[in-house]
Amino acid sequence: MNDVPNPFRDGLTRSDAPAPCVFVLFGATGDLTARKLVPALWQLVRGGLAPKQFFVLGVARRAKSDDEFRAEMRAAVDKFGRDRPADEAEWEAFAQRLGYCVCEFTQPAAYQALAQRLRGIDASHGTAGNRLYYLAVAPEFFEGITSSLHEAELIGPDQAGGWRRVVIEKPFGTDLASAARLSGHLHGLLTEDQIYRIDHYLGKETVQNLLTLRFGNAIFEPLWNRNHIEHVQITVAETEGIGRRGEFYDQTGALRDMVQNHMMQLLALVAMEPPVTWEAGAIRDEKAKVLRALPAWTPAQVASRVVRAQYTRGTLAGVEMPGFTEEAGIAPDSLTESYVAMRLTLDTWRWSGVPFYLRHGKRLPKRTTEIAIAFHQPPLSLFPPTVGRSGNTLVMRIQPDEGISLNFVAKVPGTRLTLQAVKMDFGYGSSFAQTSPEAYERLLLDAMLGDNTLFTREDEVASAWRFVDSVRAGLAEQPRDTMAGYAVGSWGPAAADALLDGDATWRRL
Amino acid sequence: MDAPTTAFLGGMPIEVDPTAIDRVLTALWKPATEEAADGTGTTRLALGTLVVVADEARAAPVEAVCQAVAAAYPSRIVVFLVGARDDVSAAVFATCRRAPGGSQVCGETIVLRGGERQAAQLPGLVLPLLLPDVLATLWWDRSEPPAPATVEALLPLTDRGLISLARATDPACCLGLLTTQPRVADLGWFEQHTWREAVAQFFDGEAGVAARMDRVEVVSSGADTAGALLAGWLAGQLGWEPAERRSERHTRWRRTDGEAASVLLTRLPGDEGLWATILSSSELAGDWRVERPREAPGSLRLTAHCRDWCQMPGRLLLPPPDTAQAILAALGRPVVNESRQRATAHAAWLLGG
Ligand SMILES: NC(=O)c1ccc[n+]([C@@H]2O[C@H](COP(=O)([O-])OP(=O)(O)OC[C@H]3O[C@@H](n4cnc5c(N)ncnc54)[C@H](OP(=O)(O)O)[C@@H]3O)[C@@H](O)[C@H]2O)c1
């Protein structure tokens, strides 16, 4: 990047702009490209946020012309985009920066053609040799594609002829050993700074706002510790089942699909210490420390702290649905969990003794992701019992209706002293009428800007795997009948209630 | 819900005693917000207070702008309309929109009508109506700038002021106000955002080139101030200092390295605002143009003519001038902006102030 600051950027809404580059999109005929990536790139170009000298080169196996690819991406933007093109001229301006290159990922020779195409784009579009490679492909291709890119001298630690960055989608390995192998492989070709492990949860407005709330306001941080917080609940509830991903899901399960990545990231953001500066390195250092503080559990600890379950036939929103082991692609005797709940503690000064309750499941009654911080009850009960649950809870809703609320008790008007829980609510949708950008828009722009704050670093991934591996090993030793069941449309198995301390209960969402 | 509240929420103006506005509002809101317990009711929300001072003749367009602002930024809007009368009347109505999840979010508008005598006592009328703890903004829509006494009384109590140079009968006087009051901004500044972004895009990653510019030209029609403001911004960002006014249109400047530079303001007939800006460098024998094409005036075209420079034309959508959007943009930005301050001071000099 050019070190001289652009004098015209000073004072503008955007103080930083990405340098010219080619966005090389592996898996360009895939689902993720059509649903998220190209609509996000379109939105960035439309909003004038992408570099002016910019090109998106789709790469996949199927043969097609640039024009065919453009037509497909037009259909994708019409279907999935936040904004439609205002007129043909606007779309044409974007389409001229779209191209397609056939490449069988497993054939090294194909990368020579890719290299040649990229050189041509640099010459015609002024993209200055800068490249962002986005691997929207199945993880088994990560190593092959990056090796071939390296052999074709398309990536490498040397960035003299333009920067090179690689974005990869989860899963980052399937356990600690495979994650370490993948990291080892990538580090043989690139420096850690060039690797962007994307977790789209981190691009969401409330997730970023969690840090603003904690460190931009003076009132919360003094309360953010074991002295004031009774427990924390993190919930990722889905109404969806496993859809057509049966075989994949039977190999993966709730723990690896959701807990190892998204939920560990949410945990790290809630529990981290204030960073020394607002820079990627400092923020990621603090997140990594939290994940390092996660213990590796013994099988006995797993038995008392984790509940796993599978959904059984039931009704959701009036529709009867099959049980987990009746789904296509799931083995009838499968021991894969579609629900997991756990109670964990962090061995740090700030959090010692504070339980963090995590739960995630499929086919639950609502689609909701939230973090709830439950504060201690008053030391002495001066008042009669509250109507509804008492105690202060700060809730950060991540989806669907992003916002923050604080529950507290107040007196019900009248001559008698009756207390009721009330809620102060801040909703993004209602307070700020402008729509938040899609998570991918924010993250793709950050990757082009070279800002990896919201991407996951190697040591974070490794620590999260170390913990999750210990849970999986513990579960593997448990007898088959410890797999609990919960009816489709319920809030999970009764066994999960026993994980909570004292009179705490799972929040009814 | 009772009939007055239903009418109020429906946006129907309810006449109220000007001395009892807050009391009446509380009574009108009460039945509406009580029904909010089930989560699908009405939320009264104010992200800020917007005080608008306008001439009665402009009531309709000002109301349209306020509606658009309220839809995106639920707030308390206090409109003071100055007409030919000698007393004050007041009316209130709610501005609601549906929020995700089915509930409705509402702000409120208070319309005060008075004459010049009441306008002179504006602070006393408006100050009791400002909400505590949230940002207060004054939008002065009258073509005459506010009297110094009004500025002195109101500005310290509001957080920012917005005026429109393009509508001012005496732009020089308004520019004077802008240069001395950093918390007052011209709405035209926010409408020029896309132009500034377009110029900035040329030099992303090529910032060193900007320092070698030695000539700036801005082509515009209509009010002089728009062109002067953009030219003032360009010169200010480049660090140029005013040197000599050769004519009304042609000025000499000094670059940070001491070399000479010039700014040219070119006027075209018509009233369509900015048409083009061209930055040139004699050292590099090149120019960088941002133009609004006649055949597509809703966009900006970026072209560079310089050896070794990528010739790919760029294009940005140019939103049509829209006062509500300019106000919303202002509400979303820091109150004081040094670039704007510099640009305003340079514009004042360019126009002979
Ligand atoms: N879909 C989502 O919402 C989502 C969300 C989060 C993460 N992810 C992850 O993102 C990745 C991509 O997901 P997806 O749903 O987009 O997958 P997909 O729809 O199956 O697309 C796979 C893409 O890879 C290409 N491909 C496969 N084998 C190839 C080969 N040997 N040579 C060249 N191209 C080959 C396909 O090209 P052809 O069509 O030409 O064969 C296609 O473009 C996966 O790792 C997934 O886990 C997806």
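Computed from a predicted structure; not experimentally measured.
Looking at B/Leu234, both its backbone and its side chain come within 4.5 Å of chain A, counting heavy atoms on both sides. In this structure, chain B has heavy atoms under 4.5 Å from both the backbone and the side chain of A/Ala89. Neither the backbone nor the side chain of A/Gln96 comes within contact range of chain B; no heavy atom of the residue lies under 4.5 Å from a heavy atom of that chain. Residue B/Leu300 does not touch chain A at all, counting heavy-atom pairs closer than 4.5 Å.
Ranking B/Arg196, B/Gln201, B/Glu197, B/His193 against chain A, the residue ahead of the rest is B/Glu197, based on heavy-atom pairs under 4.5 Å. Counting heavy-atom pairs closer than 4.5 Å to chain A, the top-ranked of the candidates B/Ala200, B/Ala296, B/Ala198, B/Ser339 is B/Ala200. Interface remark: of the candidates B/Leu328, B/Thr194, B/Asn337, B/Leu317, B/Leu317 forms the most heavy-atom pairs closer than 4.5 Å to chain A.
Judged by the 6.0 Å and 45° rule, A/Arg165 forms a cation-pi pair with A/Trp163. For the pair A/Arg74 and A/Trp91, the cation-pi test (distance below 6.0 Å, angle within 45°) is passed.
Taking 4.0 Å as the cut-off between side-chain N and carboxylate O, A/Arg442 and A/Glu205 do not count as a salt-bridged pair. One finds a salt bridge joining A/Asp67 and A/Arg70 here, because a Lys/Arg side-chain nitrogen approaches an Asp/Glu carboxylate oxygen to under 4.0 Å. Salt bridge absent: B/Asp204 and A/Lys52 never bring a charged side-chain N and a carboxylate O closer than 4.0 Å.
Around atom CD of A/Glu92, more than 12 heavy atoms belonging to other residues, nucleotides or ligands sit under 6.0 Å away.
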